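Notes to accompany the following structure.
What you see is a predicted model, and the numbers here were worked out from it, not measured in a lab.
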Amino acid sequence: PVAEMLIPMAEYLNAQGRCAEATGPARRVAEGLEHAATEDAPTAFTAFDVYGTALRGVGRLDESKIWYCRALRGRKRLSGEWDRASLASANNLAGVVAALGDDARSVRLYRRTYERYAALLGQDHEDTVNAAGNLAGALLDLGRLDEAETLYADSAKAWSAKGEAG
């Protein structure tokens, strides 16, 4: 019950850019669920992601990476496959890996996330288009302009086609 109240509050604070305020409630829930018997509950993995986001927002990148990894491992273990929640955790992990300066690894993570979103949801889905943008940005960081440009163009085309059809 406490987790169900504190997680949305921490998500809201993160979304408002108030990550320092979010770290307290997010830590309380994440650490509480980490040590509880309910670690296999989806709520725990959401809490781990939210805490990772709060930590990233205050510049505690190494700690953020640890919590994103816990969320991703737990979600994959729970579902046994790549679902939207697992992909969101993978995308978060790729972002913090990039922020830590490991651009080559972030490209690999973003590429896998993008490919799995495309397979699961289709090229024109918003999550796939966002993942393509993240991958393109990481490619730009490595100076791979042609690949990034192609990815941006393909994503824009898929998104535009969806808008015209819908």
Side-chain angles (χ1 to χ4, degrees), residues 7-19 22 26 30 42-61 63-166:
I7 291 172
M9 181 178 79
E11 287 176 316
Y12 172 79
L13 292 169
N14 281 337
Q16 298 297 313
R18 296 163 56 189
C19 298
T43 301
F45 310 131
T46 300
F48 297 171
D49 263 335
V50 171
Y51 188 37
T53 299
L55 291 168
R56 181 177 177 188
V58 296
R60 293 165 56 186
L61 301 178
E63 291 173 85
S64 174
K65 180 181 170 185
I66 291 167
W67 287 98
Y68 284 148
C69 284
R70 287 177 181 161
L72 178 57
R73 275 194 309 269
R75 284 188 162 137
K76 284 177 55 183
R77 186 178 63 242
L78 185 66
S79 70
E81 60 186 50
W82 287 94
D83 58 7
R84 286 178 75 179
S86 298
L87 290 170
S89 292
N91 191 65
N92 290 339
L93 177 60
V96 81
V97 165
L100 284 164
D102 192 346
D103 293 331
R105 182 167 180 230
S106 74
V107 165
R108 288 191 304 274
L109 290 167
Y110 276 135
R111 185 176 307 281
R112 276 186 257 151
T113 302
Y114 164 68
E115 290 169 353
R116 288 176 176 136
Y117 267 126
L120 182 67
L121 304 172
Q123 285 295 128
D124 63 348
H125 191 277
E126 180 179 4
D127 291 345
T128 305
V129 172
N130 287 335
N134 291 337
L135 172 57
L139 290 166
L140 284 174
D141 289 343
L142 287 176
R144 293 162 59 180
L145 180 61
D146 291 342
E147 287 178 80
E149 240 179 83
T150 300
L151 195 55
Y152 276 131
D154 291 348
S155 294
K157 194 182 307 175
W159 189 252
S160 176
K162 179 180 180 173
E164 292 170 9

Let me confirm one number: the [atom1]-[atom2] distance from [X] to [Y], rounded to the nearest 0.5 Å.
| X | Y | atom1 | atom2 | value |
| --- | --- | --- | --- | --- |
| Y51 | I7 | OH | CD1 | 13.5 Å |
| W67 | L93 | CH2 | CG | 14.5 Å |
| L135 | R108 | CG | CZ | 12.5 Å |
| Y114 | Q123 | OH | CD | 3.5 Å |
| K65 | L61 | NZ | CG | 10.5 Å |
| Y110 | D141 | OH | CG | 9.0 Å |

My understanding is that only residues two or more places apart in sequence, or in another chain, count here; which of them pass side-chain contact (heavy atoms from CB on, under 4.5 Å) with [X]?
| X | result |
| --- | --- |
| R18 | Y12, L13, Q16, E21 |
| N14 | C19, A22, V50, T53, A54 |
| R144 | V107, R111, L139, L142, E147 |

Do you know which two heavy atoms are closest between [X] and [Y], and how far apart they sit?
| X | Y | answer |
| --- | --- | --- |
| D49 | S89 | OD2-OG, 2.6 Å |
| G137 | Y152 | N-OH, 3.7 Å |
| L109 | V97 | CD1-CG2, 3.9 Å |
| D127 | R84 | OD2-NH2, 2.6 Å |
| R70 | F45 | O-CD2, 4.2 Å |

Test item: [X] side-chain N/O and [Y] main-chain N/O as donor-acceptor pair under 3.5 Å:
| X | Y | result |
| --- | --- | --- |
| S160 | K157 | no |
| S64 | R60 | no |
| S106 | A94 | no |

Side chain proximity check, L121 to E126, heavy atoms < 4.5 angstrom: no
K76 vs W82 side-chain heavy atoms within contact, under 4.5 Å: yes
Donor + acceptor pair across side chains of N91, T113 (<3.5 Å):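 No pair is found: no donor N or O on one side chain lies under 3.5 Å from an acceptor on the other.
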Pair R75 + D83: basic N to acidic O under 4.0 Å: no
